[in-house]
Amino acid sequence: MDIEHHKTIGQILCCECGTQIEPNPSNMCVACIRTHVDITEGIPKQTTIYFCRNCERYLQPPSNWIQAALESRELLAVCLKKLKGLNKVRLVDAGFIWTEPHSKRLKVKVTIQKEVLNGAVLEQVFVVEFTVNNQMCDDCHRVEAKDYWKAVVQIRQKASHKKTLYYLEQLMLKYRTHVNTVSIKPVPGGIDFFYSLKQHAKKLIDWLPAVVPCRYQTSQHLISHDIHNNTYNYKFTFSVELVPVCKDNVVCLSKKLAAQLGGIGQICVCIRVTQAVHLIDPNTLRVAEVSGTTFWRDPFESLCSPRQLTEYIVMDIEVIQVRKPGTFQHLESTKHVLAEVYVSKSNDIGSGQQYFCRTHLGHILNVGDSVFGFDMTSSNVNNKHLESVPVDQQPDVVLVKKVYDRSRRNQKRKWHLKHLDNLNHAETQSNERDYTDFMEDLEEDAAFRQGVNIYKDHTKIAVDQDEMSSLGGDLPQISLQEMLDDLHIGQDATEEEAMEGGAMIQ
């Protein structure tokens with residue numbers, strides 16, 4: 001027969017009040033122990049933390065400012081580090097008690113344990129209230145000083161057009177490389193970025209060669225010097241020079257560089273500027289990419305600016321096939337079609353004078369279309385590379401791009417781009433015209449807009465399909481799938497359930 005044994009715990013009387021309790025080293029109940037010992041003594045129940053309203057960061061003593069959301073783990077760590085005396089007890093649990101987000105008050109419920117009389121362990125729960133005071137951080141002080149900066153990155157481009165600068169601005173917005181700037185200042189021929197730390201400026205310098213072909217130089221200016229501890233205070237300047245070639249520029253390469261690029265013709269058209277300068281030979285459809293290192297080793301200049309192009313009318317066009325199986329077939333463009341074209345100047349259409357040339361725009365040109373080109377017969381260009389090209393190899397006209405109706409394009413455009421602060425692209429008529437040309441380039445070249453965030457413009461009035469077809473369906477457009485929606489995310493304070501506390505003895 002099995003006998004079950006039940007273990008029972010005896011009860012004793014508290015030596016203070018006589019209440020029946022389980023035996024413990026102090027032989028006293030919880031209430032009597034709390035009258036003799038307060039384990040929260042030395043821990044403040046009210047304290048202050050500091051918050052910067054400009055950058056929305058909290059001060060973590062002695063001098064660190066950290067980003068923390070309401071009721072987050074980071075903010076809880078900041079609050080607990082403000083409590084002196086926690087190192088003398090054991091922290092069991094801590095959590096926020098919900099308060100109004102705009103009350104400038106934070107309440108933290110803390111559970112601690114400590115060994116008291118004769119080895120007894122007492123656990124106690126209490127609430128600490130934090131008052132949030134506003135204090136401007138050092139970085140925001142420097143921003144408010146307006147002229148304070150430690151390093152500046154000066155980006156310049158010696159070109160009459162700003163397409164490359166506009167493209168660089170969109171890349172900086174996409175990859176958020178401008179977040180650490182103290183201020184951004186547009187200047188003639190470029191942009192200045194000011195930083196409070198040299199490391200932030202160096203990050204931008206390391207990023208620029210990966211997105212645009214450029215080179216830079218560094219200089220430093222001594223501001224002050226302490227002879228007692230041998231410390232120096234410098235201001236650093238990084239001067240960045242972009243390649244002076246933009247999209248739709250007609251360039252002339254040196255014979256040496258043309259041979260290095262696979263035997264491409266010396267007279268080429270720049271079709272794109274991204275990590276490298278993309279060139280195409282309008283006579284053979286040969287393409288080449290010129291990196292920044294290659295360009296500065298053997299530089300070349302643009303023969304004309306986009307404002308110097310002449311408008312022509314296509315009188316006759318014939319597509320020709322020149323692709324032959326060979327070793328250089330992979331160097332020819334598959335997105336363009338070679339054609340022989342007879343064109344006439346739009347302002348001299350009645351004279352009957354026509355010009356013959358080859359072009360890479362055979363896939364989009366038709367008889368009667370308008371096209372921009374560079375008139376080499378009446379141009380006066382001082383270029384040493386062009387002088388080395390035989391006269392019989394110089395074309396009469398180099399066609400650059402097809403002309404579309406700008407008013408219809410602006411009416412059909414249902415998207416927009418974001419901009420950096422303090423950069424007004426419509427400040428002058430020239431800037432507005434350059435920026436419009438840049439947006440048209442994005443519509444015409446899908447590869448060019450891959451690195452650009454394009455957003456839907458909900459302010460534009462929707463146009464009916466019949467009206468859209470009447471505007472013309474041959475205009476290059478950006479599909480709706482390539483556009484992004486502007487997101488406005490508001491972060492509300494989350495409410496957590498209040499924790500019920502008490503005191504117990506172990």
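For this chain, numbers begin at 1 and follow the sequence in order. Keep in mind that what you see is a predicted model, and the values were worked out from it rather than measured. Every heavy atom of this structure was used, including side-chain atoms; hydrogens, water molecules and symmetry mates were not.
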Student check: side-chain heavy atoms of V319 and L338 closer than 4.5 Å: no

Flag side-chain contact, heavy atom, 4.5 Å: L208 against I155: yes

Partners passing side-chain hydrogen bond (donor to acceptor under 3.5 Å, both in side chains) against [X] (at least two apart in sequence or in another chain):
X	answer
S370	E311
Y195	none
N230	Y232
N54	none

Salt bridge between [X] and [Y], side-chain N to carboxylate O under 4.0 Å?
X	Y	value
K412	D405	no
R358	E340	yes
D192	K185	no
K255	D298	no

Quick check on [X]: does its [atom1] atom have over 12 non-hydrogen neighbours (other residues, nucleotides or ligands) under 6.0 Å away?
X	atom1	result
H102	NE2	no
D392	CG	yes
Y342	OH	no

Ring pair (Phe, Tyr, Trp, His ring centres under 6.0 Å): pairs with one or both residues in residues 282-308, sequence neighbours excluded: F295-F300

[atom2] on [Y] to [atom1] on [X], rounded to 0.5 Å:
X	Y	atom1	atom2	value
T359	N283	OG1	CG	9.5 Å
R406	R433	CZ	CZ	8.5 Å
F356	D316	CZ	CG	10.0 Å
S224	N233	OG	CG	4.0 Å
L171	T177	CG	OG1	8.5 Å
I364	K401	CD1	NZ	9.5 Å

Over-ring placement of K235 relative to W149, 6.0 Å and 45° cut-offs: yes

Partners meeting side chain to side chain contact (heavy atoms under 4.5 Å, CB included) with Q393 (sequence neighbours left out): V389, P390

Test item: side-chain donor near acceptor, K402 and N366, under 3.5 Å: no

Side-chain donor-acceptor contact under 3.5 Å, T164 with Q157: yes

Identify every side-chain donor-acceptor pair in residues 56-67 under 3.5 Å, counting partners at least two apart or on other chains, and give the distances.
residue	atom	partner	partner atom	Å
R57	NH2	D139	OD2	3.1
Q67	NE2	E56	O	3.1

Summary of side chain to side chain donor-acceptor pair (under 3.5 Å) pairs that have at least one residue in residues 256-275, sequence neighbours excluded: R272-D445, T274-H278

Without placing hydrogens or testing angles, list every side-chain donor-acceptor pair under 3.5 Å for residues 446-453, not counting sequence neighbours.
residue	atom	partner	partner atom	Å
R449	NE	E482	OE1	2.7
R449	NH1	L442	O	2.5
R449	NH1	E443	O	3.2
R449	NH2	E482	OE2	3.2

Contact summary for V273 and V245, nearest pair of heavy atoms: CG2-O, 3.7 Å

Option passing side-chain contact (heavy atoms from CB on, under 4.5 Å) with K163 (candidates L168, D434, D248): D248

Listed partners of H178 passing ring-ring contact (aromatic ring centres under 6.0 Å, His included), at least two apart: none

Partners passing ring-ring contact (aromatic ring centres under 6.0 Å, His included) against F238 (at least two apart in sequence or in another chain): none

Any donor-acceptor N/O pair, T181 side chain to I184 backbone, under 3.5 Å: no

D457 side chain vs K414 backbone, donor-acceptor pair below 3.5 Å: no

Centroid-centroid under 6.0 Å between Y166 and Y435 rings: yes

Ring centers of H200, F194 separated by less than 6.0 Å: no

Which pairs of donor and acceptor atoms, one on a side chain in residues 210-220, lie under 3.5 Å apart (sequence neighbours left out)?
residue	atom	partner	partner atom	Å
R215	NE	E241	OE1	3.3
R215	NH2	E241	OE1	3.3

